[in-house]
Amino acid sequence: MRVRFFHPWNVTYLQAISIQIRLRHELIERPLGSVERIAAVDASFVEGRAYAVAAAFSYSSMELLDQSMAKCDLDFPYIPGLLTFREGSALLMALDGLAEEVDVILFDGQGQAHPRFMGEAAHLGILLDKPSIGCAKSWLWGEYEEPGWEKGSSSPLIAGCRQVGAAVRTRSGVKPIFVSPGHLCDNASAKEVALGCCRGFRIPEPLRFVHAQSKRYALEDR
DNA sequence: GCGACAG
DNA sequence: ATCTTGTCGC
Ligand SMILES: [Mg+2]
């Protein structure tokens with residue numbers, strides 16, 4: 001898939017925040033259409049470099065359809081709220097190598113559950129002009145109640161008097177994940193798709209795969 | 001000033 | 001996220 005919109009990546013802390021605020025006006029929230037193919041992307045880090053892997057799957061069977069890797073030097077530090085400026089360009093490079101077209105992309109981080117409603121999934125979804133969903137392993141933004149113990153139960157993440165995502169129990173009795181819609185998606189679709197690609201583990205299968213792959217890629221290049 | 005803080 | 005192997009428990 002191709003990147004449709006661009007902005008500089010070698011920016012200062014204040015410029016990064018300014019870009020997030022500007023992109024906020026481009027965010028479109030709406031239900032997802034039918035999902036036949038889905039992609040996920042993640043990165044691992046070693047010796048100041050990011051190793052990103054993107055992969056495409058059949059949504060119904062979770063069969064692997066395509067895979068792509070990218071390596072690049074890191075220049076921006078990790079700052080909560082600005083994760084996209086650390087690993088975003090590496091993730092886009094990996095996604096750019098995917099030949100298979102997909103209906104939605106999963107990211108290892110927040111979507112709209114972010115102080116400026118512009119988490120990694122929302123931000124990169126806009127640049128790619130593709131539907132996107134954020135599936136974070138821990139909390140960043142929004143008030144919520146502990147969801148029920150059973151797999152499938154969830155409770156809304158509320159910020160600024162509106163729902164920006166949900167804490168979703170993807171395995172009974174296990175810590176929930178934080179699912180929030182990115183671009184061209186809504187809360188109901190995000191939760192449905194995130195749960196729809198779990199196969200017995202807390203983390204949705206496409207993200208589990210790219211996480212493991214990026215780690216292997218980084219370790220064997222060390 | 002203090003606390004919180006995706007990966 | 002990373003530094004790091006085996007080990008305890010469901
Ligand atoms: Mg990650």
Side-chain angles (χ1 to χ4, degrees), chain A residues 9 13 16-17 19-20 23-24 27 40-54 69-95 105-127 132-144 149-151 157-160 164-183 185 190-191 194 200-204 206-222:
Chain A
W9 289 102
Y13 171 89
I17 289 176
I19 288 170
Q20 291 182 328
L23 283 176
R24 179 174 163 181
L27 197 58
V41 62
D42 189 26
S44 289
F45 310 90
V46 63
E47 295 170 355
R49 291 182 302 274
Y51 294 82
V53 171
M69 312 195 277
K71 167 174 62 172
C72 71
D73 293 322
L74 291 166
D75 37 45
F76 203 89
Y78 170 67
I79 300 170
L82 297 180
L83 171 64
T84 309
F85 289 88
R86 179 164 175 76
E87 62 177 25
S89 62
L91 300 186
L92 288 180
M93 287 175 65
L95 287 167
I105 310 166
L106 260 37
F107 289 85
D108 178 30
Q110 313 291 345
Q112 296 183 34
H114 178 278
R116 290 168 292 282
F117 307 105
M118 199 47 62
E120 184 167 88
H123 188 142
L124 300 182
I126 289 171
L127 298 188
S132 58
I133 296 171
C135 296
K137 297 181 292 298
S138 61
W139 177 92
L140 175 68
W141 196 250
E143 295 185 2
Y144 72 102
W149 216 239
E150 286 295 306
K151 170 181 179 177
L157 270 171
I158 305 294
V164 293
V168 180
R169 194 82 68 183
T170 52
R171 276 194 73 175
S172 297
V174 174
K175 175 186 162 94
I177 63 173
F178 297 81
V179 178
S180 57
H183 190 43
C185 185
K191 176 188 159 185
F201 294 90
R202 174 182 178 234
I203 306 301
L207 282 171
R208 256 170 47 82
F209 180 82
V210 293
H211 186 271
Q213 286 298 90
S214 67
K215 193 162 191 172
R216 284 174 207 136
Y217 182 25
L219 291 181
E220 72 188 21
D221 194 64
R222 181 163 57 175

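Each chain gets a letter, A, B and so on, in the order its sequence line appears, and its residues count up from 1. In this text the structure is predicted, and so the values were computed from the model without any measurement.
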Q: Please work out if A/W139 contacts a base, only the sugar-phosphate, or nothing of the nucleic acid, heavy-atom cut-off 4.0 Å.
A: sugar-phosphate
Q.
Between B/dA6 and A/W141, is there a base-stacking contact, meaning the centre of the base's six-membered ring lies under 5.5 Å from the residue's ring centre while the planes stay under 30° apart?
A. no
Q: Check every strand shown and say whether A/E87 touches a base, only sugar-phosphate, or nothing at a heavy-atom separation below 4.0 Å.
A: nothing
Q) When you measure from the side chain of A/Q20, which nucleotide among C/dA1, B/dA6, B/dC5 comes out closest? A) B/dA6
Q: Remember a base hit wins even if backbone is also touched, and classify A/G81 as base, sugar-phosphate or nothing at under 4.0 Å, heavy atoms.
A: base
Q: Would you indicate, yes or no, if B/dA6 has its OP1 or OP2 atom less than 4.0 angstrom from a side-chain nitrogen or oxygen of A/K137?
A: no
**Q.** Length of the line joining A/Y144:OH and B/dA6:C1', which is rounded to integer Å
**A.** 13 Å
Q: To the nearest Å, give me how far apart OH (A/Y13) and P (B/dC5) are.
A: 16 Å
Q: Answer with base, sugar-phosphate or nothing: what part of the nucleic acid does A/F45 contact at a heavy-atom distance below 4.0 Å?
A: sugar-phosphate
Q. How about A/H123 and A/F107: are their ring centroids closer than 6.0 Å?
A. no
Q. What is the minimum heavy-atom distance between A/S44 and A/S214, and which atoms define it?
A. OG-OG, 2.9 Å
Q: For A/L219, answer base if it contacts any base atom (sugar-phosphate contacts may also be present), sugar-phosphate if it contacts only those atoms, and nothing otherwise; contact means non-hydrogen atoms under 4.0 Å.
A: nothing
Q: Could you check whether A/H211 gets within reach of a base, just the sugar-phosphate, or nothing at all, counting any heavy atom under 4.0 Å?
A: sugar-phosphate
Q | Check: A/L124 main-chain N/O paired with A/H183 side-chain donor or acceptor under 3.5 Å | A | no
Q. Any side-chain N or O of A/R222 under 4.0 Å from OP1/OP2 of C/dC3?
A. yes
Q.
Measuring to OP1 and OP2 of B/dG7, would you say a side-chain N or O of A/S138 lies under 4.0 angstrom away?
A. yes
Q | Test log, rule side-chain contact (heavy atoms from CB on, under 4.5 Å), inputs A/L92 and A/W9 | A | CA-CA 12 Å; A/L92 288 180; A/W9 289 102; 3.7 Å; yes
**Q.** Per A/R86 side chain, nearest of listed nucleotides B/dG7, B/dA6, B/dC5
**A.** B/dG7
Q: Measure the distance from CZ on A/F178 to C1' on B/dC5 and round it to the nearest whole Å.
A: 13 Å
Q: Would you check if the side chain of A/R116 reaches a backbone N or O of A/L23 as a donor-acceptor pair within less than 3.5 Å?
A: no
(Q) Just the rounded figure in Å: distance from P of C/dA1 to CD of A/E120. (A) 12 Å
Q.
What is the distance, to the nearest angstrom, from the CG atom on A/L140 to the P atom on C/dA1?
A. 15 Å
Q: Nearest whole angstrom, please: distance from the P of C/dA1 to the CZ of A/F85.
A: 21 Å
Q) Roughly how many Å is it from CG in A/L91 to C1' in B/dG7, rounded to a whole number? A) 10 Å
Q | Whole angstrom value for the distance that separates C1' of B/dA6 from CZ of A/R202 | A | 12 Å
